[in-house]
S.K.: 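I'd like to ask you about the structure that follows.
Atoms within each ligand, like the ligands themselves, are counted from 1 in listed order. Sequence positions, counted from 1, serve as the residue numbers for this chain. Every value quoted in this text rests on a predicted model; they were computed, and no experiment measured them.
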Amino acid sequence: MDKILIQGGRRLEGEVAVSGSKNAALPILISALLTAEPCYYQGIPDLVDIHTALKLLSGLGVRVKKEGDPAVAVGHFMLQADHVHKMEAPYDLVKTMRASFLVMGPLLGRFGAARVSTPGGCAIGARPVNLHLKGLAEMGASIDLVHGYMEAKAKRLRGAKIYLDLPSVGATENLMMAASLAEGTTVIENAAKEPEIEELATVLNKMGAKIHGAGSNIVKIEGVDELHGVSHRVIPDRIEAGSFIVAAALTRGDVRVLGARPDHLDAFLLKLKEAGVALTIGADEIRVKGDGKAKSVDITTLPYPGFPTDLQAQMMVLMSVSEGVSVITETIFENRFMHAQELVRMGADIRLEGNRAIVKGVEGLSGAPVMATDLRASVSLVLAGLVAKGKTEITRVYHLDRGYEHIERKLSALGADIQRIKG
Ligand code: UD1
(Lines give C-alpha, C1' and ligand atoms only; values in the text may rest on other atoms or scores of the structure.)
Protein backbone atom coordinates (compact mmCIF):
# COMPACT_ATOMS: atom_id res chain seq x y z
CA MET A 1 0.00 0.00 0.00
CA ASP A 2 1.22 3.50 -0.87
CA LYS A 3 2.34 5.96 1.77
CA ILE A 4 2.72 9.72 1.70
CA LEU A 5 5.80 11.27 3.26
CA ILE A 6 5.85 14.97 4.11
CA GLN A 7 8.64 17.07 5.51
CA GLY A 8 6.75 19.96 7.06
CA GLY A 9 7.50 23.63 7.34
CA ARG A 10 7.61 24.78 3.72
CA ARG A 11 5.67 27.92 2.77
CA LEU A 12 3.44 27.29 -0.26
CA GLU A 13 3.74 29.72 -3.14
CA GLY A 14 2.51 29.91 -6.72
CA GLU A 15 -0.55 28.81 -8.65
CA VAL A 16 -2.63 25.66 -8.53
CA ALA A 17 -5.48 24.69 -10.86
CA VAL A 18 -8.64 23.13 -9.46
CA SER A 19 -9.77 19.82 -11.02
CA GLY A 20 -13.30 18.94 -12.09
CA SER A 21 -15.70 18.20 -9.24
CA LYS A 22 -15.83 14.58 -8.13
CA ASN A 23 -19.26 14.92 -6.57
CA ALA A 24 -20.65 16.61 -9.69
CA ALA A 25 -18.96 14.18 -12.09
CA LEU A 26 -20.28 10.99 -10.44
CA PRO A 27 -24.03 11.60 -10.93
CA ILE A 28 -23.37 13.15 -14.34
CA LEU A 29 -21.56 10.03 -15.60
CA ILE A 30 -24.38 7.90 -14.19
CA SER A 31 -27.01 10.06 -15.92
CA ALA A 32 -25.69 8.71 -19.26
CA LEU A 33 -27.84 5.65 -18.43
CA LEU A 34 -30.92 7.75 -19.22
CA THR A 35 -30.36 7.82 -22.99
CA ALA A 36 -29.21 5.53 -25.81
CA GLU A 37 -27.45 8.48 -27.47
CA PRO A 38 -23.75 9.31 -26.93
CA CYS A 39 -22.89 11.68 -24.09
CA TYR A 40 -19.65 13.67 -24.03
CA TYR A 41 -18.15 14.90 -20.82
CA GLN A 42 -15.13 17.11 -20.20
CA GLY A 43 -13.16 17.87 -17.06
CA ILE A 44 -13.74 14.49 -15.43
CA PRO A 45 -11.08 14.16 -12.69
CA ASP A 46 -8.69 11.20 -12.64
CA LEU A 47 -9.77 9.63 -9.34
CA VAL A 48 -10.37 6.17 -7.95
CA ASP A 49 -14.08 6.97 -7.39
CA ILE A 50 -14.45 7.98 -11.04
CA HIS A 51 -12.80 4.72 -12.15
CA THR A 52 -15.20 2.84 -9.87
CA ALA A 53 -18.17 4.61 -11.50
CA LEU A 54 -16.88 3.84 -15.00
CA LYS A 55 -16.33 0.19 -14.04
CA LEU A 56 -19.86 0.01 -12.70
CA LEU A 57 -21.33 1.56 -15.86
CA SER A 58 -19.23 -0.69 -18.16
CA GLY A 59 -20.52 -3.68 -16.20
CA LEU A 60 -24.08 -2.62 -17.01
CA GLY A 61 -23.22 -2.50 -20.72
CA VAL A 62 -22.47 1.21 -21.13
CA ARG A 63 -19.76 1.91 -23.68
CA VAL A 64 -17.01 4.07 -22.17
CA LYS A 65 -14.42 5.74 -24.39
CA LYS A 66 -11.66 8.14 -23.49
CA GLU A 67 -11.85 11.00 -25.95
CA GLY A 68 -9.35 13.29 -27.62
CA ASP A 69 -5.59 13.55 -27.63
CA PRO A 70 -4.43 12.21 -24.24
CA ALA A 71 -1.73 14.89 -24.15
CA VAL A 72 -4.29 17.71 -24.12
CA ALA A 73 -7.72 16.28 -23.46
CA VAL A 74 -7.53 15.45 -19.77
CA GLY A 75 -10.66 13.81 -18.49
CA HIS A 76 -12.68 13.75 -21.72
CA PHE A 77 -15.05 10.80 -21.99
CA MET A 78 -17.80 9.51 -24.26
CA LEU A 79 -20.42 7.28 -22.67
CA GLN A 80 -23.18 5.54 -24.58
CA ALA A 81 -25.86 3.41 -22.94
CA ASP A 82 -27.29 1.86 -26.12
CA HIS A 83 -26.67 -1.76 -25.10
CA VAL A 84 -27.51 -1.92 -21.41
CA HIS A 85 -27.89 -5.63 -20.62
CA LYS A 86 -27.64 -5.72 -16.84
CA MET A 87 -29.66 -3.91 -14.20
CA GLU A 88 -27.40 -4.66 -11.27
CA ALA A 89 -24.92 -2.74 -9.13
CA PRO A 90 -22.90 -5.39 -7.28
CA TYR A 91 -21.93 -5.30 -3.62
CA ASP A 92 -18.17 -5.08 -4.22
CA LEU A 93 -18.60 -1.76 -6.07
CA VAL A 94 -21.37 -0.23 -3.94
CA LYS A 95 -19.47 -0.97 -0.74
CA THR A 96 -16.35 0.83 -2.01
CA MET A 97 -18.35 3.80 -3.32
CA ARG A 98 -21.80 4.64 -1.99
CA ALA A 99 -22.55 6.93 -4.93
CA SER A 100 -22.99 3.69 -6.95
CA PHE A 101 -26.48 3.64 -5.45
CA LEU A 102 -27.32 6.47 -7.86
CA VAL A 103 -27.78 3.99 -10.72
CA MET A 104 -31.07 2.95 -9.15
CA GLY A 105 -33.09 6.00 -10.29
CA PRO A 106 -31.93 6.04 -13.93
CA LEU A 107 -32.22 2.24 -14.35
CA LEU A 108 -35.75 2.25 -12.94
CA GLY A 109 -36.71 5.34 -14.92
CA ARG A 110 -35.52 4.04 -18.27
CA PHE A 111 -35.77 0.25 -18.01
CA GLY A 112 -38.28 -0.28 -15.20
CA ALA A 113 -35.97 -2.52 -13.14
CA ALA A 114 -32.92 -2.22 -10.92
CA ARG A 115 -31.10 -4.47 -8.50
CA VAL A 116 -28.67 -2.51 -6.38
CA SER A 117 -26.71 -3.71 -3.36
CA THR A 118 -27.39 -1.79 -0.17
CA PRO A 119 -24.32 0.18 0.78
CA GLY A 120 -24.17 -0.82 4.44
CA GLY A 121 -22.42 1.36 6.99
CA CYS A 122 -19.34 3.42 6.33
CA ALA A 123 -16.54 4.94 8.38
CA ILE A 124 -18.36 8.22 8.97
CA GLY A 125 -21.69 6.78 10.08
CA ALA A 126 -24.71 4.67 9.18
CA ARG A 127 -25.60 6.63 6.02
CA PRO A 128 -28.88 4.93 5.12
CA VAL A 129 -30.61 5.17 1.71
CA ASN A 130 -34.18 5.21 3.06
CA LEU A 131 -34.98 8.58 1.48
CA HIS A 132 -33.93 7.40 -1.99
CA LEU A 133 -36.21 4.38 -1.57
CA LYS A 134 -39.12 6.31 -0.07
CA GLY A 135 -39.14 8.69 -3.05
CA LEU A 136 -38.98 5.90 -5.63
CA ALA A 137 -41.76 4.01 -3.85
CA GLU A 138 -43.93 7.14 -3.95
CA MET A 139 -43.33 7.22 -7.70
CA GLY A 140 -44.83 3.73 -7.92
CA ALA A 141 -41.82 1.43 -7.68
CA SER A 142 -42.16 -1.82 -5.76
CA ILE A 143 -38.98 -2.39 -3.78
CA ASP A 144 -37.88 -5.50 -1.90
CA LEU A 145 -34.76 -6.29 0.04
CA VAL A 146 -33.48 -9.67 -1.20
CA HIS A 147 -30.14 -11.08 0.00
CA GLY A 148 -28.68 -7.61 0.68
CA TYR A 149 -29.88 -6.18 -2.61
CA MET A 150 -32.69 -3.70 -3.19
CA GLU A 151 -34.76 -5.09 -6.04
CA ALA A 152 -36.96 -2.42 -7.59
CA LYS A 153 -39.52 -2.66 -10.36
CA ALA A 154 -42.00 -0.30 -12.01
CA LYS A 155 -43.82 -0.49 -15.33
CA ARG A 156 -43.36 3.23 -15.68
CA LEU A 157 -42.65 5.55 -12.79
CA ARG A 158 -45.27 8.22 -12.25
CA GLY A 159 -44.87 11.74 -10.96
CA ALA A 160 -45.38 12.26 -7.23
CA LYS A 161 -45.02 14.82 -4.50
CA ILE A 162 -42.09 13.78 -2.31
CA TYR A 163 -40.95 15.32 0.96
CA LEU A 164 -37.40 14.52 2.05
CA ASP A 165 -37.04 14.38 5.84
CA LEU A 166 -33.45 15.54 5.34
CA PRO A 167 -32.11 17.45 2.33
CA SER A 168 -30.08 14.49 1.10
CA VAL A 169 -27.79 15.21 -1.85
CA GLY A 170 -27.83 11.63 -3.15
CA ALA A 171 -31.60 11.18 -2.75
CA THR A 172 -32.31 14.46 -4.56
CA GLU A 173 -30.03 13.37 -7.44
CA ASN A 174 -31.43 9.85 -7.66
CA LEU A 175 -35.00 11.10 -7.68
CA MET A 176 -34.33 13.87 -10.20
CA MET A 177 -32.92 11.30 -12.62
CA ALA A 178 -35.78 8.85 -12.07
CA ALA A 179 -38.43 11.58 -12.38
CA SER A 180 -37.01 12.90 -15.66
CA LEU A 181 -38.45 9.86 -17.48
CA ALA A 182 -41.57 9.38 -15.30
CA GLU A 183 -45.10 9.97 -16.43
CA GLY A 184 -46.32 13.30 -15.06
CA THR A 185 -44.81 15.82 -12.72
CA THR A 186 -42.71 15.16 -9.62
CA VAL A 187 -42.13 17.72 -6.90
CA ILE A 188 -39.27 17.17 -4.42
CA GLU A 189 -39.74 19.22 -1.27
CA ASN A 190 -36.90 19.92 1.15
CA ALA A 191 -34.52 19.03 -1.68
CA ALA A 192 -30.76 19.46 -1.26
CA LYS A 193 -29.47 22.78 -2.67
CA GLU A 194 -25.81 21.90 -3.26
CA PRO A 195 -24.18 23.25 -6.47
CA GLU A 196 -23.84 19.63 -7.65
CA ILE A 197 -27.66 19.38 -7.75
CA GLU A 198 -27.95 22.43 -9.95
CA GLU A 199 -25.17 21.03 -12.12
CA LEU A 200 -26.93 17.69 -12.59
CA ALA A 201 -30.18 19.51 -13.44
CA THR A 202 -28.31 21.57 -16.04
CA VAL A 203 -27.02 18.39 -17.67
CA LEU A 204 -30.42 16.67 -17.56
CA ASN A 205 -32.12 19.76 -19.03
CA LYS A 206 -29.52 19.79 -21.84
CA MET A 207 -30.61 16.18 -22.47
CA GLY A 208 -34.23 17.31 -22.83
CA ALA A 209 -35.48 16.99 -19.24
CA LYS A 210 -37.78 19.62 -17.77
CA ILE A 211 -36.43 20.46 -14.33
CA HIS A 212 -37.17 23.72 -12.55
CA GLY A 213 -35.99 25.04 -9.22
CA ALA A 214 -32.83 22.93 -8.81
CA GLY A 215 -30.61 24.72 -6.30
CA SER A 216 -33.68 25.74 -4.26
CA ASN A 217 -35.50 23.55 -1.74
CA ILE A 218 -38.34 22.73 -4.12
CA VAL A 219 -37.46 20.98 -7.37
CA LYS A 220 -40.13 20.34 -9.97
CA ILE A 221 -39.56 17.75 -12.69
CA GLU A 222 -42.00 17.30 -15.58
CA GLY A 223 -41.40 13.81 -16.93
CA VAL A 224 -40.62 13.36 -20.64
CA ASP A 225 -40.75 10.25 -22.86
CA GLU A 226 -37.08 10.20 -23.76
CA LEU A 227 -33.81 12.02 -23.30
CA HIS A 228 -30.99 12.55 -25.77
CA GLY A 229 -27.20 12.96 -25.83
CA VAL A 230 -25.29 15.86 -24.33
CA SER A 231 -21.90 17.52 -24.19
CA HIS A 232 -20.88 19.07 -20.90
CA ARG A 233 -17.86 20.23 -18.89
CA VAL A 234 -18.18 19.67 -15.14
CA ILE A 235 -17.83 22.45 -12.58
CA PRO A 236 -14.61 22.80 -10.55
CA ASP A 237 -14.31 20.89 -7.30
CA ARG A 238 -15.23 23.28 -4.47
CA ILE A 239 -13.87 20.92 -1.82
CA GLU A 240 -10.49 20.53 -3.52
CA ALA A 241 -10.33 24.33 -3.94
CA GLY A 242 -11.15 24.78 -0.25
CA SER A 243 -8.46 22.27 0.73
CA PHE A 244 -5.77 24.22 -1.19
CA ILE A 245 -6.97 27.46 0.38
CA VAL A 246 -6.53 25.98 3.85
CA ALA A 247 -3.08 24.65 2.84
CA ALA A 248 -2.02 28.16 1.81
CA ALA A 249 -3.41 29.77 4.97
CA LEU A 250 -1.76 27.15 7.19
CA THR A 251 1.70 27.58 5.70
CA ARG A 252 1.25 31.36 5.59
CA GLY A 253 1.90 31.12 1.89
CA ASP A 254 0.88 33.08 -1.17
CA VAL A 255 -1.20 30.91 -3.49
CA ARG A 256 -3.57 31.62 -6.37
CA VAL A 257 -6.20 28.88 -6.63
CA LEU A 258 -7.16 29.01 -10.30
CA GLY A 259 -10.49 27.94 -11.77
CA ALA A 260 -12.27 27.99 -8.40
CA ARG A 261 -15.89 29.11 -8.14
CA PRO A 262 -16.02 31.51 -5.15
CA ASP A 263 -19.84 31.58 -5.38
CA HIS A 264 -19.82 27.86 -4.42
CA LEU A 265 -17.68 28.52 -1.35
CA ASP A 266 -19.45 31.45 0.31
CA ALA A 267 -19.85 30.09 3.86
CA PHE A 268 -16.30 28.71 3.87
CA LEU A 269 -14.72 31.93 2.55
CA LEU A 270 -16.66 34.06 5.04
CA LYS A 271 -15.41 31.87 7.89
CA LEU A 272 -11.82 32.23 6.69
CA LYS A 273 -12.23 36.01 6.54
CA GLU A 274 -13.62 35.91 10.08
CA ALA A 275 -10.47 33.99 11.03
CA GLY A 276 -8.39 36.81 9.58
CA VAL A 277 -7.08 34.99 6.50
CA ALA A 278 -6.34 37.49 3.70
CA LEU A 279 -8.24 36.52 0.55
CA THR A 280 -8.54 38.24 -2.81
CA ILE A 281 -11.55 36.89 -4.61
CA GLY A 282 -11.79 37.14 -8.40
CA ALA A 283 -14.42 35.78 -10.77
CA ASP A 284 -12.75 32.39 -11.08
CA GLU A 285 -9.73 32.51 -8.82
CA ILE A 286 -9.02 32.96 -5.15
CA ARG A 287 -5.71 34.29 -3.87
CA VAL A 288 -4.68 33.47 -0.32
CA LYS A 289 -1.94 35.48 1.33
CA GLY A 290 -1.34 34.14 4.77
CA ASP A 291 0.57 36.39 7.09
CA GLY A 292 0.38 35.68 10.76
CA LYS A 293 -1.72 33.28 12.79
CA ALA A 294 -5.37 32.76 12.04
CA LYS A 295 -7.90 33.55 14.79
CA SER A 296 -10.10 30.75 16.12
CA VAL A 297 -13.69 30.74 14.86
CA ASP A 298 -16.62 28.46 15.64
CA ILE A 299 -17.93 26.27 12.83
CA THR A 300 -21.15 24.31 12.40
CA THR A 301 -21.52 22.07 9.36
CA LEU A 302 -24.89 22.36 7.62
CA PRO A 303 -26.50 21.51 4.30
CA TYR A 304 -25.63 23.99 1.53
CA PRO A 305 -25.44 26.99 1.63
CA GLY A 306 -24.18 26.29 5.17
CA PHE A 307 -20.59 25.33 5.97
CA PRO A 308 -19.79 22.05 4.10
CA THR A 309 -19.10 18.93 6.13
CA ASP A 310 -16.53 18.02 3.46
CA LEU A 311 -14.34 20.95 4.61
CA GLN A 312 -14.74 20.35 8.35
CA ALA A 313 -11.61 18.22 8.81
CA GLN A 314 -9.45 20.71 6.89
CA MET A 315 -10.71 23.62 9.04
CA MET A 316 -9.98 21.60 12.17
CA VAL A 317 -6.30 21.58 11.20
CA LEU A 318 -6.29 25.34 10.73
CA MET A 319 -8.05 25.81 14.06
CA SER A 320 -5.49 23.52 15.73
CA VAL A 321 -2.79 26.13 15.15
CA SER A 322 -4.95 29.27 15.46
CA GLU A 323 -5.14 31.86 18.23
CA GLY A 324 -7.84 30.93 20.75
CA VAL A 325 -10.45 28.20 21.12
CA SER A 326 -12.80 26.97 18.40
CA VAL A 327 -15.93 24.84 18.74
CA ILE A 328 -16.60 22.71 15.67
CA THR A 329 -20.05 21.13 15.49
CA GLU A 330 -20.74 18.38 12.96
CA THR A 331 -24.44 18.07 12.17
CA ILE A 332 -24.43 16.07 8.91
CA PHE A 333 -22.60 12.85 9.76
CA GLU A 334 -22.58 11.12 13.12
CA ASN A 335 -18.98 9.93 13.20
CA ARG A 336 -16.89 12.40 11.30
CA PHE A 337 -14.17 13.28 13.79
CA MET A 338 -11.82 10.36 13.29
CA HIS A 339 -9.08 12.72 12.12
CA ALA A 340 -9.18 14.42 15.54
CA GLN A 341 -7.33 11.59 17.30
CA GLU A 342 -4.66 11.52 14.61
CA LEU A 343 -4.24 15.31 14.89
CA VAL A 344 -3.88 14.92 18.66
CA ARG A 345 -1.00 12.51 17.98
CA MET A 346 0.62 15.39 16.08
CA GLY A 347 0.29 17.70 19.06
CA ALA A 348 -3.16 19.27 18.53
CA ASP A 349 -5.30 20.03 21.58
CA ILE A 350 -8.75 18.67 20.68
CA ARG A 351 -11.46 17.43 23.02
CA LEU A 352 -14.47 15.60 21.63
CA GLU A 353 -17.92 15.94 23.21
CA GLY A 354 -20.49 14.11 21.13
CA ASN A 355 -20.83 15.92 17.82
CA ARG A 356 -18.63 18.79 19.05
CA ALA A 357 -14.89 19.22 18.92
CA ILE A 358 -13.31 21.82 21.16
CA VAL A 359 -10.08 22.84 19.51
CA LYS A 360 -7.58 24.90 21.48
CA GLY A 361 -4.96 26.49 19.25
CA VAL A 362 -1.40 25.33 19.96
CA GLU A 363 1.96 26.85 18.98
CA GLY A 364 2.74 24.18 16.40
CA LEU A 365 2.24 20.55 15.35
CA SER A 366 4.92 17.91 15.13
CA GLY A 367 5.24 15.28 12.43
CA ALA A 368 4.19 11.72 13.26
CA PRO A 369 3.13 8.48 11.60
CA VAL A 370 -0.65 8.76 11.09
CA MET A 371 -3.39 6.82 9.35
CA ALA A 372 -6.03 8.07 6.91
CA THR A 373 -9.54 6.91 7.85
CA ASP A 374 -11.79 8.48 5.24
CA LEU A 375 -11.54 10.77 2.26
CA ARG A 376 -11.69 14.18 3.95
CA ALA A 377 -9.87 13.00 7.08
CA SER A 378 -6.97 11.92 4.88
CA VAL A 379 -6.51 15.33 3.31
CA SER A 380 -6.58 16.93 6.75
CA LEU A 381 -3.57 14.80 7.71
CA VAL A 382 -1.74 15.98 4.59
CA LEU A 383 -2.49 19.58 5.56
CA ALA A 384 -1.31 18.95 9.11
CA GLY A 385 1.88 17.37 7.73
CA LEU A 386 2.58 20.49 5.65
CA VAL A 387 2.65 22.71 8.72
CA ALA A 388 4.12 20.25 11.25
CA LYS A 389 7.74 20.24 12.34
CA GLY A 390 9.60 17.24 10.96
CA LYS A 391 8.37 14.20 9.09
CA THR A 392 4.79 12.96 8.76
CA GLU A 393 4.09 9.56 7.27
CA ILE A 394 0.51 8.88 6.19
CA THR A 395 -0.68 5.34 5.56
CA ARG A 396 -3.92 4.10 3.95
CA VAL A 397 -3.70 6.84 1.33
CA TYR A 398 -6.16 5.05 -0.93
CA HIS A 399 -8.78 7.23 0.76
CA LEU A 400 -6.96 10.28 -0.58
CA ASP A 401 -6.84 8.84 -4.10
CA ARG A 402 -10.64 8.55 -4.11
CA GLY A 403 -11.06 12.31 -4.13
CA TYR A 404 -7.90 14.35 -4.77
CA GLU A 405 -6.41 14.37 -8.24
CA HIS A 406 -2.57 14.20 -8.24
CA ILE A 407 -2.43 15.91 -4.87
CA GLU A 408 1.24 15.30 -4.21
CA ARG A 409 2.14 16.68 -7.66
CA LYS A 410 0.03 19.78 -7.13
CA LEU A 411 1.41 20.45 -3.65
CA SER A 412 5.02 19.80 -4.77
CA ALA A 413 4.58 22.39 -7.52
CA LEU A 414 3.64 24.87 -4.79
CA GLY A 415 6.87 24.09 -2.93
CA ALA A 416 5.76 21.40 -0.48
CA ASP A 417 8.18 18.61 0.38
CA ILE A 418 5.81 15.71 -0.24
CA GLN A 419 6.34 12.37 -1.89
CA ARG A 420 4.48 9.14 -2.46
CA ILE A 421 6.20 5.91 -1.58
CA LYS A 422 4.75 3.14 -3.69
CA GLY A 423 4.08 0.02 -1.74
C1 UD1 B 1 -22.91 13.71 -0.60
C2 UD1 B 1 -21.46 13.86 -0.98
C3 UD1 B 1 -20.56 13.86 0.25
C4 UD1 B 1 -21.04 14.91 1.24
C5 UD1 B 1 -22.53 14.75 1.54
C6 UD1 B 1 -23.09 15.86 2.41
C7 UD1 B 1 -21.37 12.81 -3.17
C8 UD1 B 1 -20.91 11.66 -3.98
N9 UD1 B 1 -21.08 12.76 -1.87
O10 UD1 B 1 -23.05 12.43 0.02
O11 UD1 B 1 -19.22 14.15 -0.15
O12 UD1 B 1 -20.33 14.77 2.45
O13 UD1 B 1 -23.28 14.75 0.30
O14 UD1 B 1 -22.84 17.09 1.85
O15 UD1 B 1 -21.95 13.74 -3.67
N16 UD1 B 1 -29.44 10.30 4.87
C17 UD1 B 1 -30.48 9.54 5.37
N18 UD1 B 1 -31.23 8.80 4.49
C19 UD1 B 1 -30.98 8.82 3.15
C20 UD1 B 1 -29.92 9.60 2.64
C21 UD1 B 1 -29.17 10.34 3.53
O22 UD1 B 1 -30.72 9.51 6.58
O23 UD1 B 1 -31.70 8.13 2.40
C24 UD1 B 1 -28.61 11.09 5.81
C25 UD1 B 1 -27.14 10.64 5.80
O26 UD1 B 1 -26.92 9.56 6.67
C27 UD1 B 1 -26.44 11.90 6.25
C28 UD1 B 1 -27.30 13.03 5.66
O29 UD1 B 1 -28.55 12.43 5.36
O30 UD1 B 1 -26.45 11.99 7.66
C31 UD1 B 1 -26.74 13.67 4.42
O32 UD1 B 1 -26.44 12.67 3.47
P33 UD1 B 1 -26.50 12.93 1.90
O34 UD1 B 1 -26.74 14.38 1.65
O35 UD1 B 1 -27.40 11.94 1.27
O36 UD1 B 1 -24.99 12.61 1.48
P37 UD1 B 1 -24.49 11.78 0.22
O38 UD1 B 1 -25.33 12.10 -0.96
O39 UD1 B 1 -24.27 10.37 0.61
S.K.: Which ligand 1 atoms does Gly170 reach within 4.0 Å, using its non-hydrogen atoms?
M.R.: 35 (O), 38 (O)

S.K.: Quick one: look at His132 and ligand 1, take heavy-atom pairs under 4.0 Å, and tell me if it's side chain, backbone, both or neither.
M.R.: both

S.K.: Could Asp237 and Lys22 be called an ion pair, given the rule that one side-chain N must be under 4.0 Å from one carboxylate O?
M.R.: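 So Asp237 does not pair with Lys22 through a salt bridge.
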
S.K.: Is the contact between Asn130 and ligand 1 made by the side chain, the backbone, both, or neither, using heavy atoms and a 4.0 Å cut-off?
M.R.: both

S.K.: Judged on heavy-atom distance to atom 8 (C) of ligand 1, which of Asn23, Leu164, Val129, Leu311 sits nearest?
M.R.: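 It is Asn23 whose heavy atom sits nearest to atom 8 (C) of ligand 1.
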
S.K.: Does an N or O from Glu173, backbone or side chain, lie closer than 3.5 Å to an N or O of ligand 1?
M.R.: no

S.K.: Compare every heavy atom of Gly105 with every heavy atom of Leu136, then report the nearest pair and how far apart it is.
M.R.: CD2-CA, 4.4 Å

S.K.: Report the part of Ala171 in contact with ligand 1, treating N, CA, C, O as backbone and CB onward as side chain, heavy atoms under 4.0 Å; options are side chain, backbone, both, neither.
M.R.: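 For Ala171, there is no contact with ligand 1 at all, from either part.
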
S.K.: Any idea which atoms of ligand 1 are less than 4.0 Å away from a heavy-atom of Thr309?
M.R.: 6 (C), 12 (O), 14 (O)

S.K.: Select the closest option to atom 31 (C) of ligand 1 among Leu200, Ile332, Leu302, Leu166, judged by heavy-atom distance.
M.R.: Ile332

S.K.: Relative to atom 34 (O) of ligand 1, which among Asp165, Val169, Leu131 owns the nearest non-hydrogen atom?
M.R.: Val169

S.K.: Let me confirm one number: the CD-CG distance from Glu240 to Leu311, rounded to the nearest 0.5 Å.
M.R.: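 Glu240 CD to Leu311 CG: 11.0 Å, rounded to 0.5 Å.
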
S.K.: Using atom types as modelled and distance alone, determine if a side-chain donor or acceptor of Arg156 lies under 3.5 Å from a backbone N or O of Leu181.
M.R.: yes

S.K.: Would you say the side chains of Ser378 and Arg396 form a donor-acceptor pair under 3.5 Å?
M.R.: no

S.K.: For ligand 1, note which part of Arg336 has a heavy atom under 4.0 Å away: side chain, backbone, both or neither.
M.R.: side chain

S.K.: Are the side chain of Lys273 and the backbone N or O of Ala278 linked by a donor-acceptor pair below 3.5 Å?
M.R.: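 Here the side-chain-to-backbone pair does not exist.
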
S.K.: Hey, do the aromatic rings of Phe101 and His132 have their centres closer than 6.0 Å?
M.R.: yes

S.K.: Do any N/O atoms on Asp310 end up under 3.5 angstrom from N/O atoms on ligand 1?
M.R.: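 Between Asp310 and ligand 1, an N or O pair is found under 3.5 Å apart.
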
S.K.: I'd like to know if Glu196 contacts ligand 1, where contact means a heavy-atom distance under 4.0 Å to any ligand atom.
M.R.: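 Judged by the 4.0 Å heavy-atom criterion, Glu196 does not count as contacting ligand 1.
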
S.K.: Measure the CG-CG distance between Leu375 and Asp401 for me, rounded to the nearest 0.5 Å.
M.R.: 10.0 Å

